Amino acid sequence: MTIKLEGGMILAENGTLEVRDVYMVDGRIQFAKPSTEDITVINVEGKLVAPGLVDVHVHLREPGGEKKETIETGTKSAAAGGFTTIAAMPNTRPVPDTKEQMEWLQERIQSTGHVRVLPYASITTRQLGKELTDFGALKEAGAFAFTDDGVGVQSADMMLQAMKKAAEMNMAIVAHCEENTLIHGGCVHEGKFSAEHNVPGIPSVCESVHIARDVLLAEAANCHYHVCHVSTKESVRVIRDAKKAGINVTAEVSPHHILLCEDDIPGLDTNFKMNPPLRAKEDQQALWEGLLDGTIDFIATDHAPHTEEEKSAGMERSPFGIVGLETAFPLLYTHIVKTERATLKQLVDWLTVKPASTFNLESGLLKEGVVADVTVIDLEEERTIDKNAFLSKGKNTPFHGWDCVGWPEYTFVDGKLVFEKGKVTV
């Protein structure tokens, strides 16, 4: 099947927008007109034709958390947000910590997924931090990388062993960095908000000390080490120093940590509760500077759906996490591109080519002959974020009611239309 995207704009290497027709022929990108006359034409005049967005940090909750999200609903949400490749975290029940469970997960993805899903395997059995999983068997079953995301690996020796095994197989260790002895039951950042509302706070050092430990372990193991959802200025400094030292460390930041800080939390609203928490204004600024100078490599949503019942349990008892797949691009385009803090080219790179190149994925490009994962975005469309319209089961967002411009209109995976103007098509 051949599809022609007619009259759209693509981003040139220098960041300028060029009007150019794009063909998707047998699942591949082509710019020259194909010989066949059997072409489906879609008029996308004036709209951005971009590589499909890539998100390497998503929680799909299945198996075990289907009330929150499923592979089906989560991938519909991804398609609506313009994401064509997502990587699913392993904090499910059961955990994908065996070859058999990973094979089950792969089959479930194939039968119910609407976009490409790359499943993580856990570093340790049941994510308990006590015993390494069988990395070789999990890689053979299709594991994308290894992480215990949701909990930090507390033992330095366990992490070093994991990094050595991963390095042998040219696989990445991806880390949720949190020193459990420093959490102290915290539910928000330890700062002005926690003091004003008399709720326990999580100190910044809880994150940064784990990163400092791990970059040195990664150097010793010669391993690719990737830091999830960086949130503190100290973490940025440690990662920057590690990169200068030649250590193979990469990092991501979430949209909410770029756009919000503790000053923006409107009282004890659990839609503003996530882990890591919204930090101080100076942390927010350091994250932005780190993204601009390349210390932080790209943006990932940390899409974390929960039920409304769970999120109604109060700031201290409700679970951490917010959803993000359907709002990431319009939020970032509105608040960092339209405000001229960054260019459109920078934003698209942070959401496509940079995560893809970090993990050696085929995705994230719009070039001749590459896989036809494409997102068409209407950069002029204005809309108000409405959580009740989400395709995700999760409605837990701090951005409900925000006015944004720049919404995905079409999403194609492998040359097939999977999302069109508010509706999933397959």
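Small disclaimer: the values here were computed from a predicted structure and weren't measured.
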Could you give me the CA-CA distance, side-chain angles and deciding distance for Arg108 and Glu62, then say whether side-chain contact (heavy atoms from CB on, under 4.5 Å) is met?
CA-CA 9 Å; Arg108 188 69 176 162; Glu62 186 178 4; 2.5 Å; yes

- Message: Within the supplied structure, the quantity of interest is the number of heavy atoms (other residues, nucleotides, ligands) at a distance under 6.0 Å from Lys192 NZ; does it exceed 12?
- Response: no

* Asked: Hey, is CD on Glu308 packed in by over 12 heavy atoms from elsewhere, all under 6.0 Å?
  -> no

Notebook entry, point to check: Are His229 and His57 an aromatic pair by the rule of ring centers under 6.0 Å?
Noted result: yes

| task | Look only at the side chain of Thr75 and the backbone of Gly113, and say whether a donor-acceptor pair between them is shorter than 3.5 Å. | result | no

* Report yes or no: do His400 and Asn388 form a side-chain donor-acceptor pair below 3.5 Å? => no

**Item:** Donor on one side chain, acceptor on other, Thr232 and Arg279, under 3.5 Å
**Value:** no

Taking it one step at a time, do Ile173 and Thr147 satisfy side-chain contact (heavy atoms from CB on, under 4.5 Å)? CA-CA 6 Å; Ile173 291 291; Thr147 184; over 6 Å; no

Closest non-hydrogen atoms of Val236 and Leu287, given as atom of the first, atom of the second and distance, are CG2-CD2, 3.8 Å

Heavy-atom closest pair (Tyr120 atom, Ala87 atom, distance to 0.1 Å) is CE1-CB, 3.5 Å

Exercise for the section: Check whether the ring centres of Phe359 and His224 lie less than 6.0 Å apart, and answer yes or no. Expected result: yes

Side chain proximity check, Asn396 to Lys311, heavy atoms < 4.5 angstrom: yes

(request) Quick one: sort the Trp288 and Trp350 rings into parallel, tilted or perpendicular, breaks at 30° and 60°. (result) perpendicular

*Short N-O contact, Glu140 and Lys99, less than 4.0 angstrom*: yes

Can you tell whether the side chains of Arg240 and Asp293 come within less than 4.0 Å, N to carboxylate O? yes

Assign the ring pair Phe135 / Phe146 to parallel, tilted or perpendicular, where the plane angle (0 to 90°) is split at 30° and 60°. parallel

Nearest heavy-atom approach of Ala300 to Pro255 is O-CD, 3.4 Å

Ionic contact status for Arg116 with Asp373, cut-off 4.0 Å:
yes

Taking every heavy atom of Val418 against every heavy atom of His114, the minimum-distance pair comes out as CG1-O, 3.6 Å

Got a salt bridge between Glu310 and Lys68, using NZ or NE/NH1/NH2 to carboxylate O under 4.0 Å?
yes

Discussion item. Test your reading of the model: is there a side-chain donor-acceptor pair from Gln127 to the backbone of Asp148, 3.5 Å cut-off?
Written reply: yes

Subject >> Asn170 atom CG, over 12 foreign heavy atoms within 6.0 Å >> reply: no

- Flag the pair Asp241 and Arg237 as a salt bridge only when some basic side-chain nitrogen lies within less than 4.0 angstrom of an acidic carboxylate oxygen. no

Original post:
Is Arg341 atom CZ crowded by more than 12 heavy atoms from other residues, nucleotides or ligands, each under 6.0 Å away?
Top reply: yes

For Lys393 and Thr70 the tightest heavy-atom approach is NZ-CG2, 3.9 Å

* Going by atom types only, do Thr133 and Asp97 share a side-chain donor-acceptor pair under 3.5 Å? -> no

inquiry  = Can you tell me how the ring of Phe412 sits relative to the ring of Tyr410, calling it parallel under 30°, perpendicular over 60° and tilted otherwise?
reply    = parallel

(request) Show the numbers, then the answer: is there a side-chain contact (heavy atoms from CB on, under 4.5 Å) between Ile239 and Val230? (result) CA-CA 10 Å; Ile239 295 165; Val230 178; 3.7 Å; yes

Point to revise | Aromatic contact, His189 with Phe193 (centres under 6.0 Å) | key: no

Look only at the side chain of Thr124 and the backbone of Lys130, and say whether a donor-acceptor pair between them is shorter than 3.5 Å.
no

Classify the ring geometry of Phe298 against His226: parallel below 30°, tilted from 30° to 60°, perpendicular beyond 60°. parallel

For residues 156-169, please give each side-chain donor-acceptor pair under 3.5 Å, one per line with the distance, not counting sequence neighbours.
| residue | atom | partner | partner atom | Å |
| --- | --- | --- | --- | --- |
| Asp157 | OD2 | Gln161 | NE2 | 2.7 |

Point to revise | Pair His256-Met274, side-chain contact (heavy atoms from CB on, under 4.5 Å): steps then yes or no | key: CA-CA 9 Å; His256 43 278; Met274 65 284 291; 3.8 Å; yes

TODO: Take Thr250 and Asp297 through the test side-chain hydrogen bond (donor to acceptor under 3.5 Å, both in side chains) and record every step on the way to the result.
DONE: CA-CA 6 Å; Thr250 56; Asp297 297 85; 4.7 Å; no

